[in-house]
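For reference, the structure is listed below as structure tokens.
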Amino acid sequence: MAAAEVARQGEGCRTVPLSGHVGFDSLPDQLVNKSVNHGFCFNILCVGETGLGKSTLMDTLFNTKFEGDPASHSQPGVQLKSSTYDLQESNVNLKLTIVSTVGFGDQINKEDSYKPIVEFIDAQFEAYLQEELKIKRALHNYHDTRIHACLYFIAPTGHSLKSLDLVTMKKLDSKAHLPFAVIGSTEELKIGNKMLKARQYPWGTVQVENEAHCDFVKLREMLIRVNMEDLREQTHTRHYELYRRCKLEEMGFKDTDPDSKPFSLQETYEAKRNEFLGELQKKEEAMRQMFVQRVKEKEAELKEAEKELHEKFDRLKKLHQDEKKKLEDKKKSLDDEVNAFKQRKTAAELLQSQAQQAGGSQTLKRDKERKNNPWLCTE
Amino acid sequence: MFKGPVESKNEAAMSELVPEPRQKPVVPMKPTGINTNLLGYIGIDTIIEQMRKKTMKTGFDFNIMVVGQSGLGKSTLVNTLFKSQVSRKSSSWNREEKIPKTVEIKAIGHVIEEGGVKMKLTVIDTPGFGDQINNENCLRPLDLEFMKHLSKVVNIIPVIAKADTMTLEEKTEFKQRVRKELEVNGIEFYPQKEFDEDLEDKTENDKIRESMPFAVVGSDKEYQVNGKRVLGRKTPWGIIEVENLTHCEFALLRDFVIRTHLQDLKEVTHNIHYETYRAKRLNDNGGLPPMTVETEENHESNL
């Protein structure tokens with residue numbers, strides 16, 4: 001069907017009376033049932049120096065003994081330790097995640113102590129944002145790790161807040177909820193006939209749940225019994241939205257363009273996509289150029305080598321020819337010598353035969369003379 | 001493992017020092033699977049009350065669209081369902097024009113309140129379009145096509161209108177025929193089998209699916225029957241009581257849509273239909289610009 005005009009009545013809808021019982025007042029129950037089936041999750045971040053009793057307080061708040069070793073004081077930097085527990089009370093399933101700082105305030109240089117903490121909180125927002133922006137996403141079953149409340153532990157020195165505390169709290173304030181933290185650590189002791197949580201000092205016993213003694217009860221009321229749902233919602237609608245808005249604006253998304261006309265998401269995506277494609281093309285071009293350049297260089301190199309080879313070949317050839325010529329010359333001269341010798345030999349033989357014919361007697365006479373005078377030479 | 005004394009004992013011990021812990025709300029319990037007996041009462045279960053209070057304050061939205069030939073009693077049915085004038089009857093349309101010039105879809109919102117719960121109800125009427133199951137013929141092929149497309153993007157609840165024209169046997173037989181036809185054509189109506197979350201859901205929904213489509217009669221007129229004022233239709237052979245289960249299945253439809261599955265209808269729409277639409281829309285758009293290395297690689301391969 002073509003885009004038919006849907007005429008909507010304005011936000012000021014009329015209230016109409018009901019003439020009987022309809023039954024949608026069961027809606028909150030339906031909603032609650034669904035939520036209960038789905039389960040809840042709550043994430044607390046505990047920031048404070050080592051030894052202030054963070055884990056003890058958590059144990060007390062949630063009336064359980066959470067496993068974990070007490071932290072040491074010799075950490076290289078501030079780290080965050082996260083553990084998740086499944087708690088159940090009547091039919092409510094709570095997935096509780098407690099994140100604790102380890103080594104906070106143990107360093108000599110405490111300037112950047114707050115940084116790992118802020119980074120951690122941001123990382124959880126980022127993870128949620130990534131999931132939210134996926135095309136195929138599973139938000140309904142997503143394990144939400146965003147911090148709902150941050151408990152900041154202040155040392156009971158009696159003085160005002162330390163500068164480290166001030167700086168850190170200021171940084172965290174925009175990122176998470178900071179209900180005011182109190183110290184109340186405790187073990188169970190027997191007082192009179194009842195088992196109570198308390199700390200025993202020589203001068204008396206501090207009862208944790210006695211409001212006159214400490215604010216523990218107030219904290220528990222506020223955190224769990226009254227505002228847990230509120231904290232979860234505020235984290236999502238305020239802190240997370242703020243993070244999301246900053247992040248998206250950083251990436252270049254806007255709701256309105258410079259002329260204050262509303263940008264449609266489609267236009268933004270198209271613009272981003274074209275920008276990306278443009279960049280990609282540029283990179284491709286650059287790569288191609290480089291490739292061509294390299295090819296040219298290589299070709300030149302190869303040509304050089306070829307030339308050299310040719311020259312070498314020519315040189316060798318010439319050498320070879322020279323040698324050959326020399327040898328031929330030598331051969332010729334030898335041949336000449338041989339011929340000359342042959343000629344002389346035949347000439348000599350001829351003379352000898354002539355001499356024999358011309359004077360056989362002369363030869364005898366000569367021979368006689370020679371007998372008598374061996375030293376005579378008659379040639 | 002967290003083991004400890006029973007809750008009530010600690011509560012008694014605590015009550016001396018602390019104010020009375022809040023009243024635990026009455027909510028039907030599901031069988032507990034995890035073994036976690038805590039050392040004492042924490043108060044986690046108060047989140048139920050917190051949530052309930054919050055939703056009562058903000059109120060609810062509900063949007064319902066009625067599709068079918070005019071004259072079948074769509075507006076009357078909606079008005080009967082919500083016991084108020086939330087839908088304008090076709091008699092208020094200009095009777096001269098039997099066929100509206102354009103298919104103008106009107107969405108009209110009203111606020112209704114009951115038991116402290118405020119609901120903004122928006123009724124979307126589609127005059128002269130689509131088809132409720134006309135009990136003269138079977139479903140026309142065009143309508144089946146139309147319903148098939150619709151069932152993929154929205155929760156469809158088929159309803160047999162003017163059920164007072166059929167006897168009980170005719171009703172059962174017709175219903176079976178319609179269900180078969182829907183099944184054969186791959187039209188999944190709400191509650192869809194594929195979205196049953198667990199065995200409990202499945203059993204409950206199977207029963208409902210077996211009795212759908214509901215054969216209903218709507219009326220906004222009251223009559224006196226056996227000393228009671230009831231909504232009904234007056235005929236020469238008797239008064240058909242709308243909310244009487246032996247007369248028609250209106251009450252079943254109402255309980256199903258409003259009293260038990262209202263929230264579920266909204267959740268299926270949000271978590272499944274909307275997400276499907278969103279994913280498809282973003283995909284057609286060429287996907288999102290890259291934010292991380294992984295998506296960048298994906299994007300490149302799409303080029």
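Not measured: the values here are computed from a predicted model. Convention: sequence-line order gives letters A, B, ...; per-chain numbering from 1.
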Between [X] and chain A, which part of the residue has a heavy atom less than 4.5 Å away: side chain, backbone, both or neither?
{"X": "B:Leu81", "value": "backbone"}
{"X": "B:Val257", "value": "neither"}
{"X": "B:Thr260", "value": "backbone"}
{"X": "B:Phe82", "value": "both"}
{"X": "B:Asp255", "value": "neither"}
{"X": "B:Glu267", "value": "side chain"}
{"X": "B:His261", "value": "backbone"}
{"X": "B:Arg254", "value": "side chain"}
{"X": "B:Met51", "value": "both"}

Selection from B:Asp264, B:Thr276, B:Val86 maximising heavy-atom pairs under 4.5 Å formed with chain A: B:Asp264
Contact winner vs chain A - B:Lys118, B:Glu197, B:Gln263, B:Lys266, heavy-atom pairs under 4.5 Å: B:Gln263
Is it the side chain or the backbone of [X] that comes within 4.5 Å of chain B heavy atoms, both, or neither?
{"X": "A:Ser26", "result": "side chain"}
{"X": "A:Phe40", "result": "side chain"}
{"X": "A:Val92", "result": "side chain"}

Cation-pi geometry met for A:Arg146 and A:Tyr240 (6.0 Å, 45°): yes
